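This report refers to the structure that appears directly beneath it.
Since the structure is predicted, the reported quantities are computational estimates derived from the model, not experimental observations. Order of the sequence lines fixes the chain letters, A, B, ..., with proteins taken first and strands second; residue numbering starts at 1 for each chain.
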Amino acid sequence: MSVIFDESGRPFIILREQDKKQRLKGYDAQKSNILASTSIAKLLRTSLGPRGMDKMLVSGDGDVTVTNDGATILDQMEVQHQVAKLLVDLSQSQDDEIGDGTTGVVVLAGALLEHALTLLDKGIHPTRISDGFEKACDIGVEELARISDKLEFNKDNLEPLVKTAQTTITSKIINKHKEKFADICVKAVLDVADLERKDVNLDLIKIQGKTGGKLEDSCLVDGIVVDKDMSHPQMQKVVKDAKIAILTCPFEPPKPKTKNTIVIEDKEQYEKLYRQEQEYFVNQVKQCKDSGANLVICQWGFDDEANHLLLQNELPAVRWVGGVEIELIAIATGGRIVPRFEELDAAKLGSAGLVREVTFGTVKDRMLFIENCANTKAVTIFVRGGNKMIIEEAKRAIHDALCVVRNLIRDNRIVYGGGSAEIACSLRIGEEADKISSVEQYALRAFADALDAVPIALAENSGLNSIDHLSKIKSEQLKTKNPRIGVDAVGSGNSDMRTQGVFETLIGKQQQLRLATQVVKMILKIDDCIVTGSDQF
Amino acid sequence: MANFGNPVQVLNPGGFEEKGEMAQMSNLIGATALSDLVKTTYGPKGMDKILQPSGRGHSDKVQVTNDGATIMKSIMVQNPAAKILIEIAKTQDDEVGDGTTSVVVLCGELLRGGEKLLQQKIHPQTIISGYRLATDVAYKALCESCVDHGKDKEAFKKDLLNIARTTLSSKILQQEKEHFANLAVEAVLRLNGSTDLSSIQILQKPGGSMRDSYLDEGYILDKSFGVGQPRRIENAKILVANTAMDTDKIKIYGAKVKTSSMVKMAEIEKAEKSKMKQKCEKIVSHGINLFINRQLIYDYPQEFFADNGVAAIEHADFEGVERLALVLGADIVSTFDHPESTKLGSAKLVEEIMIGEDKLIKFSGCARNEACTIVLRGANSHLLAESERSLHDALCVLSQTVNETRTVLGGGCSEMIMAKAVTEAAKKTAGKQSIAMQAFADALKQMPTVISDNAGLDSAELVSVLEAEHYKGNKDAGLDVNIGSVGNMRDLGVTESFKVKQQVLLSAAEAAEMILRVDNVIHAAPRERRQ
């Protein structure tokens, strides 16, 4: 209670306890926080692994999202509980940093908290638990590095990359076509990768979805796809060897930023102004034409007259192209974004082998494909599918796979999936625990047990007898000293993850351990929880 | 204070989640309920629905329809799984135009099968992997069963007619399906392989009977000539424009007129007029005798044109202008300084005609013949609206078939072929998946069952006879609902587009898989509506 008494026994209120304000202290606070976190983790648990299930999220406006991606689920479920929000942030930061493993990290954090709770019950001080977890995490990260393998790949041998991308895609709904999508992702990343600097700018890969057709129809477009069409219905629909003028100024009379009024006082002025206006359009189009351009892409709109003049001069044009797309087009075609007509010249034009307008389906849906660009460093993954939700989910899966491939290019060390890495860490931490003579020993053991949560969830989701299966794998790993034995989730009868081709990136796994430990430490440290009710007006 | 045992509120107040079996059940029930709703409209003897929109001012706009997509676009659903079904129906409509009911019914049946398996404690992932195997087998069987007459023009035209007839037979137009099938095929063949249906104009004119509907080779514009201008122009030279013909404002920002005397004011007015006059002169100097503008034409230019013997049509809407340009082979013009480089449109004859009581302008003998107009006649506007939807479906399917020339047989025949292939494959598959494959085959068999149920026939009897025929090796057997027996679909000419069937199969399977994969539904708190 936030009430103490002064020496004469009168109550002394520190925190006014009203309906709106809540306060939890000490063990209660920790317990309630852990409960909230584990309930989130439990929710995600069933989404883990190749046989994981999906979640259906209904937004406040009634929009439906079906997804398997941890970060998306947490992001859209509008969590209210303050500590649960930490877990949402946790999966978000895994998403930002690594891109994949967003479900795994939350499951791990949940398991750690659950085990921490039993330690708290035993009366171990939260700080000691934190210290122990910290130590265990260090050992785990070290062990991961030890068991990791270097993945050798080059331009001619992309197989290892494709395998890793496949592992990521396997858990998503598009796993029916995982070979195809993994292939697309690897090719896309390599197209834009800077192999010398070992870095990839994923902004250069655009993912464009379009409902209709089937998932197999998805493809990698060597260029840019823009959801726009030619500004005039009679312009040519195909431009070969396009020289593209990329403009950010409208085909309209100039609008000076300072406020002005032009005062017309007599007839001459009126006519002069009229002629001037006509000249604007003629000049603008002429400047484009003179620069040698045969396609104009503009961020803004066109006046009717300018539009027609463009048509008359056989200069196809696209209007209202978004800022991000304009940049991508500029990068892909090697052109410069030109903000004024006067600055347009041949050197600033972009070039593309083929620009074509493609019509889809029975409605007037058109898209512009800019292909065979001068600079291949910008590509588009074009996703098709039976409905909007499946395309959104495919996009998310592709994003994850792209991130994984990028991480591999940055650091080509891998560990093996299927829970094998977690088991190896757990065994190692268990060994180390015996060597410690202080209370932290318990925390280390708890950490080791918590690591088992991932393979257990995997086995459970795959319909296996989880405890039985886990103990079998564990003893096998111990016996054979082979850290690659994991949960055989797809029922192939082979538990060696190297031969099954289940790869995960080392940095992804290490990051999972570190992030989960950090959040758990943070939650454990909270011993007082004051919630100010929302202000009501 | 103590929070023991009390549930911790994690979600926003108002939000809730459904878990595990509850979630699955609510999804499956929602989806099957929606599919049951449209089920009765499926097939040649399907029934129609009346849609009455709610809300102020709309309640009198009643629609009577048989088109799955239209029904589903109009109903409001809460259930998230049902929303997925609506989504696939919309995609089907946008992509191929027809088969919107089929895709929802098939998906509903797949889910119903899935529900039974779930009750037998089979894991959803097992069902999904079984469905996937089955989809592949069914797709292969469908590909094998299709016929391609794309090279043979005569046979292909016959195919098209058959497809049009099959599509129309489930719609309101079935009375006159022969007539309309001919109309639709002719219209689509004029497109020369383009799928852009905007060049086929459908005009609804109440009055007359449905049989009076016709295809006009020329183009009919629902507008009239200006006053005092010729009503009939032979060898018309036409300028199609999109320009302001009211007052030509100066577009330079901030221009403002300020005069010191009335005289100057008059001068400017004159200048304004002369500007318009110049514009008109320029237009006339193109050597035209008909001017069509997208925007309004005011009295002054109207008068000027009349004086110079040029007819003018104002306010042709956006689509009208685009179509006209397409038909007449003209540019859409907004500036008039270069008559030499402007392509003018031409037509042998432009005249005012009467349909019913309305005056319309008809262009015949046009330069390019790709576009055409279908004039629909009928007793009332509901009938016409539904006819247009039906005809639109038929046109969509036909235009898609022109590009993907393969065809399959209808009347439940293709479904039976697929079901047979899946059943056979299931028997060869070891493991739990085979049960799911069998369920998939059963769902496919439901399609002919629904057709015969809707026709008021003994479905159990008919479908088993149909199945037996197929096992005997009669691959063309299907349901002939008109006489209520099994017949040879190829002889009857019940043909469907391969593309439609393919899309139905794949979309339905995809959506069913998506719904089955869900084990948890999280509802966010509904957004507060501010008054």
Side-chain angles (χ1 to χ4, degrees), chain A residues 24 28 32 35-36 39-40 43 46 51 53-61 64 66 77-81 84 173 176 211-214 232-234 253 255 260-267 270-271 273-274 277 303-305 307-309 311-312 359 361-364 386-390 463, chain B residues 2-3 8-12 15 80 83-84 87-88 91 94-97 123-125 132 195-198 242-243 250-260 264 267-268 271 275 322 325 331-335 338 341 396 506-507 510-511 514 517-527:
Chain A
L24 287 177
D28 287 346
S32 126
L35 268 179
S39 79
I40 295 266
L43 185 90
T46 51
R51 294 293 189 97
M53 305 290 279
D54 287 1
K55 307 276 173 260
M56 191 181 253
L57 300 147
V58 185
S59 82
D61 296 327
V64 181
V66 179
M77 64 190 268
E78 296 187 7
V79 172
Q80 188 218 20
H81 195 277
I173 194 164
K176 194 173 174 189
T211 45
K214 39 189 194 288
H232 197 287
Q234 285 166 325
K255 283 181 187 162
N260 67 320
T261 26
I262 301 166
V263 180
I264 305 167
E265 281 190 342
D266 52 29
K267 194 178 145 191
Y270 182 86
E271 273 165 5
L273 202 61
Y274 173 62
E277 182 191 295
D303 192 85
D304 280 345
E305 291 183 31
N307 203 1
H308 173 249
L309 279 173
L311 173 73
Q312 208 164 40
T359 317
T362 59
V363 283
K364 278 163 94 188
N387 58 53
K388 202 170 66 195
M389 294 91 177
I390 215 164
Chain B
N3 214 342
V8 184
Q9 174 78 18
V10 178
L11 293 169
N12 261 345
K83 278 190 181 145
I84 293 185
E87 188 63 35
I88 57 170
T91 312
D94 291 349
E95 187 71 7
V96 286
H123 194 266
Q125 292 284 4
R132 279 188 178 177
T195 54
D196 190 1
L197 291 177
S198 61
N242 174 16
T243 185
I250 286 195
K251 288 167 191 156
I252 294 173
Y253 183 72
K256 197 174 170 187
V257 179
K258 192 176 173 189
T259 50
S260 49
K264 282 191 175 163
E267 264 178 13
I268 285 178
K275 185 180 155 198
E322 271 183 34
D331 283 350
I332 299 172
V333 187
S334 296
T335 59
H338 301 281
S341 63
C396 287
L506 296 177
S507 297
E510 240 169 44
M514 198 163 193
R517 271 178 75 104
V518 171
D519 74 333
N520 210 330
V521 184
I522 300 163
H523 295 263
R527 196 178 294 276

key: side-chain hydrogen bond (donor to acceptor under 3.5 Å, both in side chains) between B:T91 and A:N387, worked out   = CA-CA 6 Å; B:T91 312; A:N387 58 53; over 6 Å; no

ask   = What pair of heavy atoms forms the shortest contact from B:E87 to A:M389, and how long is it?
value = CG-SD, 3.9 Å

remark   = Ranked by heavy-atom pairs below 4.5 Å to chain A, first place among B:K83, B:H523, B:M514 goes to B:M514

message = Heavy-atom cut-off 4.5 Å, strictly under: side chain, backbone, both or neither for B:H123 against chain A?
response = side chain

query = If you draw a 6.0 Å radius around NZ in A:K176, do more than 12 non-hydrogen atoms from other residues or ligands fall strictly inside?
reply = yes

request  = Report the distance from atom CE of A:M56 to atom CG of B:N520, rounding to the nearest 0.5 Å.
outcome  = 11.0 Å

ask   = Just by distance, do the side chain of A:E78 and the backbone of B:A524 share a donor-acceptor pair under 3.5 Å?
value = no

remark   = So, the part of B:I84 with a heavy atom under 4.5 Å from chain A: the answer is both

remark   = Counting heavy-atom pairs under 4.5 Å with chain B, the top scorer among A:I173, A:L311, A:L309, A:T211 is A:I173

task = Could you tell me which portion of A:V64 (side chain, backbone, both or neither) has an atom closer than 4.5 angstrom to a non-hydrogen atom of chain B?
result = side chain

inquiry  = Please identify which of these residues, A:V79, A:V58, A:L43, meets the side chain to side chain contact (heavy atoms under 4.5 Å, CB included) condition with B:I522.
reply    = A:L43

